Amino acid sequence: MRPTHPLVALRQARQHLLEFGHCPSGMVQERLARSWTRSLAAGLVPGGQPRATDHYSSTALRQVLDHNPELLAHSRPVMQYLFEQVRHSQSVVVLADRRGMLMHTLGDPHFVDKAERVALTSGASWHEEHRGTNAIGTALAECSAVQIHGGEHFLERNSFLTCAASPILSATGALLGILDISGDYRNGHAHTLGLVSTAARMIENRLLADTCQRHIRLHLHTEPEGIGSVAEGIVAVSGDGWIVGANRVGLAQLGLHTGDLGAVRLERVLEVRLDDLLSHHRRRPQQPQALRLPGGALLWAQLQLDASAWPGPAAPTAARPARTQPTAALSTAPDALAQLDTGDARWRAAADKARRVVGKPIAVLIQGESGVGKELFARALHASGPRRDAPFVAINCGAIPENLIEAELFGYVAGAFTGARKEGSPGYLRQAHGGTLFLDEIGDMPLALQMRLLRVLQERSVTPVGAAKAVPVDFALVCATHCQLLQATEQGRFRQDLYYRINGLTVQLPALRERSDFTALVQRLLAQLATEQDLPAGVWVAPDLLARLAAYPWPGNLRQLASVLRTACALLADGQNTLDWEHLSDDVLHALQTPAAPGAAPARGARTVPGAWPNTEPPPAVALPSSGQSLQALSHAAIAQALQAACGNVSQAARQLGISRQTLYRKLALNPVG
Ligand SMILES: Nc1ncnc2c1ncn2[C@@H]1O[C@H](COP(=O)(O)OP(=O)(O)OP(=O)(O)O)[C@@H](O)[C@H]1O
């Protein structure tokens, strides 16, 4: 909204702020008062210049562009459309990333010169810390649409501007960036905020359709004619009925918060079963269906399914014969893997590959560092397949003492050995009959047992210890390892014949530092923790801390991240919902407060948030590696920091890193810390 307070009131409020450090209430909008106070606290002076670190290098800009391909791709056409609407009004249309760095601008040539003078150009930071109150920075800080007009800007040099900005959110509610229109304040119009907010909604809807293409999408509106308009709600539902994504309207229509995503089933919020929705859609794909909210209100819904993800007659555009994908299979097919999908392309490629062999007699080998989620992936694979109602039996081959592993795996008959249970034991392999056997850390299995396991897999039967007869077994086999098994076979530590038997299909899960969906993962973990710790929904991480977490190399991967967030949630005071530095334990603080070397670029393939740590803390005791060093070096530095923070206590350091003591010893054996 264009401000209604007169210029005089604005001047008096600013004077009061400078003299007393706060704005008198009622003089200016609360949101503006908060933003001015933040600007003052950042050390800015109204008549002064922006902070020295207000412009990123071209390398940093390139990295930000590389990290946001989907946001850019979906924003560009909308920005072009927006630009056509404001073409002759001396304005620029701007897209900024989630830290306020300008990624793309489209400007009226008459205004571009002026805009460039105040750095409304790619690479400039419009974070409040750098430029004080401004629409981009304030929309980021408040996570809501904002219009800042003329003298409301904190820095006087920006007071010739009028700017309207709106956040762009992901399908899971994570802040992705800011869309803004900035122009000469004399041409300011109250409608600009509505225009920019609508354009941001258009981008969000395109992004949602893209990231949730494997899911069933419900397009919702109170009028059937409203479906397909920018005012529609969109809700993404997994194959087994969980609401996994939504736009803001969709959340509001169903009375949900972003924290509910992934934690609430569709039938809890709409009086309908997913099967019924699908069967209506199969019969009349173009016709919206009327649904009731629990309170009785009516909502119209139309389903959208992607032909590639939902082949068969249910997809309106699918041309496959019904026989290739029976109708019943569509309505019952659960996709537990899709529920774990938070948008990383490498993870998704691994899941897509694995999905194709579910239900087939092909053993899957999951490779990846400790804590990347191999077991969770295996469980989801099991839950997605035809054996999902039978047991999933997980065994950590590295955790069972060598002298017990044979009996534990193959079972034993009564009195087979001293100390054996009187009634004998069927063993894990037989317990998995009909279901899935998950052998974790398969690389740690002793050589002698590898031979016996190979025989079981070849003969599909198991002979318990002390028994004379073999018992038939039938299970799907999924193995996992943190080491390169092929290398272990070359070194004679792992049997080659077993390697080929368990490796029908290998999938490699990316390390957390290599993933591009850090914010979405944090959101997912927080939603789970909110349920686990009975916290109110909507816990989030302060942007600065989030940026710092995103830049940390996470040697313990998701396990470590989950553990840090769990502790932080537990430290939240009543009524607090923002996780910040005060909610971290000291060892984590120490590790995170080690800033990257100035201008340091991450190693190839690493996910980074360039310039994420503008306020450098005291210099590190153990410096992180600088530009060009490998991921191993980053991980090694994090281990060194953790050990230093724990005064050499390996158990404590392992806990902080979120890895087992065994794994830490193994890492230290390979790469000792001085
Ligand atoms: N997609 C995910 N969403 C939420 N939490 C996850 C996800 N993946 C992993 N985690 C968290 O990370 C922890 C470790 O996951 P998991 O045990 O599957 O990893 P792993 O790779 O099998 O580890 P290890 O190699 O040490 O056995 C889990 O307990 C869970 O807290």
Side-chain angles (χ1 to χ4, degrees), residues 172 174 211 214 238 242 244-245 259 261-263 335-351 354 364-384 392-400 436-445 478-485 506-533 539 549 554-570 635 654-667:
T172 50
T211 51
R214 299 205 66 84
S238 67
W242 293 91
V244 290
L261 297 173
D335 193 349
L337 276 169
Q339 266 179 264
L340 290 181
D341 185 349
T342 31
D344 177 72
R346 282 181 62 189
W347 191 96
R348 186 174 291 168
V364 177
L365 176 64
I366 308 172
Q367 301 207 114
E369 290 179 16
S370 183
V372 292
K374 299 187 290 293
E375 179 167 343
L376 233 58
F377 189 95
R379 283 185 186 277
L381 200 58
H382 167 75
S384 307
F392 174 89
V393 177
I395 302 159
N396 185 338
C397 302
I400 309 177
T436 299
L437 179 70
F438 175 60
L439 295 176
D440 200 2
E441 305 298 6
I442 181 87
D444 290 349
M445 183 175 272
V478 182
C479 298
T481 175
H482 63 271
C483 63
Q484 293 300 325
L485 266 192
T506 297
V507 291
Q508 179 80 36
L509 298 189
L512 177 54
R513 63 181 170 276
E514 297 165 334
R515 293 181 64 153
S516 59
D517 56 349
F518 187 80
T519 309
L521 272 171
V522 168
Q523 202 98 27
R524 160 74 55 91
L525 287 166
L526 287 177
Q528 286 169 2
L529 287 167
T531 315
E532 198 182 285
Q533 297 189 12
V539 171
L549 292 174
W554 299 105
N557 291 297
L558 273 140
R559 181 180 290 112
Q560 185 188 8
L561 174 63
S563 151
V564 167
L565 293 177
R566 182 173 292 111
T567 308
C569 284
S635 166
R655 245 193 327 275
Q656 187 227 308
L657 293 164
I659 57 181
S660 69
R661 233 162 29 102
Q662 218 177 359
T663 305
L664 182 51
Y665 275 125
R666 199 162 32 223
K667 283 179 186 278

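Remember, it's 1-based here, ligands and their atoms both numbered in the order they're listed. Values below: all heavy atoms of this structure, side chains included; hydrogens, waters and symmetry mates excluded. Note that this is a predicted model, so its numbers are computed, not measured.
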Peer 1: Give the residue, atom name and distance (to 0.1 Å) of the protein heavy atom nearest atom 26 (O) of ligand 1.
Peer 2: S370 OG, 2.8 Å
Peer 1: Can you sort out the partners of L558 under side-chain contact (heavy atoms from CB on, under 4.5 Å), two or more places apart, ordered by chain and number?
Peer 2: R515, L521, L525
Peer 1: Please check atom 29 (O) of ligand 1 for a protein heavy-atom neighbour under 4.0 Å.
Peer 2: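 So atom 29 (O) of ligand 1 lacks protein heavy-atom neighbours under 4.0 Å.
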Peer 1: With atoms numbered from 1 as shown, which atoms in ligand 1 lie under 4.0 angstrom from a non-hydrogen atom of E441?
Peer 2: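 Heavy-atom distances to E441 below 4.0 Å select 25 (O).
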Peer 1: To check your reading of the model: name the closest protein heavy atom to atom 2 (C) of ligand 1, its residue, and the distance in Å.
Peer 2: L376 CD2, 3.7 Å
Peer 1: Please determine whether any non-hydrogen atom of G371 lies less than 4.0 Å from an atom of ligand 1.
Peer 2: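 Within the 4.0 Å threshold, so yes.
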Peer 1: Please report which non-hydrogen protein atom sits nearest to atom 25 (O) of ligand 1, along with the residue it belongs to and the distance in Å to one decimal place.
Peer 2: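 Going atom by atom, the protein heavy atom closest to atom 25 (O) of ligand 1 ends up being K374 NZ, 2.6 Å.
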Peer 1: Suppose we measure from atom 4 (C) of ligand 1 to each protein heavy atom; which comes out shortest, and what is that distance?
Peer 2: L525 CD2, 3.5 Å
Peer 1: Has K374 got a side-chain atom pairing as donor or acceptor with G368's backbone, closer than 3.5 angstrom?
Peer 2: yes
Peer 1: How close does the nearest protein non-hydrogen atom get to atom 22 (O) of ligand 1, and which residue and atom is it?
Peer 2: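 The answer is E375 N, 3.0 Å.
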Peer 1: Taking only residues two or more places apart in sequence or in another chain, which ones pass side-chain contact (heavy atoms from CB on, under 4.5 Å) with T506?
Peer 2: L365, Q367, N503
Peer 1: Evaluate L561 against F518 for side-chain contact (heavy atoms from CB on, under 4.5 Å), listing each step before the verdict.
Peer 2: CA-CA 10 Å; L561 174 63; F518 187 80; 4.0 Å; yes
Peer 1: Considering all heavy atoms of both residues, which atom of L526 and which atom of C569 are nearest to each other, and what is their separation?
Peer 2: CD2-SG, 3.7 Å
Peer 1: Does atom 6 (C) of ligand 1 have a protein non-hydrogen atom under 4.0 Å from it?
Peer 2: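 Protein heavy atoms within 4.0 Å of atom 6 (C) of ligand 1 - there is at least one.
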Peer 1: Among all protein heavy atoms in this structure, tell me which lies nearest to atom 19 (O) of ligand 1, with the distance rounded to 0.1 Å.
Peer 2: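 Atom 19 (O) of ligand 1 sits closest to the protein heavy atom G373 N, 3.1 Å.
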Peer 1: How far apart are the C-alpha atoms of F377 and V478, what are their side-chain angles, what is the distance that settles it, and do they pass the side-chain contact (heavy atoms from CB on, under 4.5 Å) test?
Peer 2: CA-CA 10 Å; F377 189 95; V478 182; over 6 Å; no
Peer 1: Can you check side-chain contact (heavy atoms from CB on, under 4.5 Å) on E514 and E369, steps first, answer last?
Peer 2: CA-CA 11 Å; E514 297 165 334; E369 290 179 16; 5.7 Å; no
Peer 1: Between D440 and ligand 1, which part of the residue brings a heavy atom under 4.0 Å of the ligand: side chain, backbone, both or neither?
Peer 2: side chain
Peer 1: Ignoring hydrogens, just give me the one of L558, L565, L561 whose non-hydrogen atom is nearest atom 11 (C) of ligand 1.
Peer 2: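 Heavy atom nearest to atom 11 (C) of ligand 1 belongs to L558.
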Peer 1: Might you point out which heavy atoms bring A354 and L381 nearest each other, and give the distance in Å?
Peer 2: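 Smallest heavy-atom distance, with atoms named: CB-CD1, 3.6 Å.
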Peer 1: Give a yes/no on ligand 1: does Q528 have at least one heavy atom closer than 4.0 angstrom to it?
Peer 2: yes
Peer 1: Would you mind checking which non-hydrogen protein atom is closest to atom 1 (N) of ligand 1, with the distance to 0.1 Å?
Peer 2: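 I find the closest protein heavy atom is L340 CD2, 3.7 Å.
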Peer 1: Specify the protein heavy atom at minimum distance from atom 31 (O) of ligand 1: its residue, its atom name, and the distance to 0.1 Å.
Peer 2: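 For atom 31 (O) of ligand 1, the nearest protein heavy atom is A562 CB, 3.8 Å.
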Peer 1: Kindly identify the option in Q560, R559, R566 whose heavy atom sits closest to atom 24 (P) of ligand 1.
Peer 2: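 Answer by nearest heavy atom: R559.
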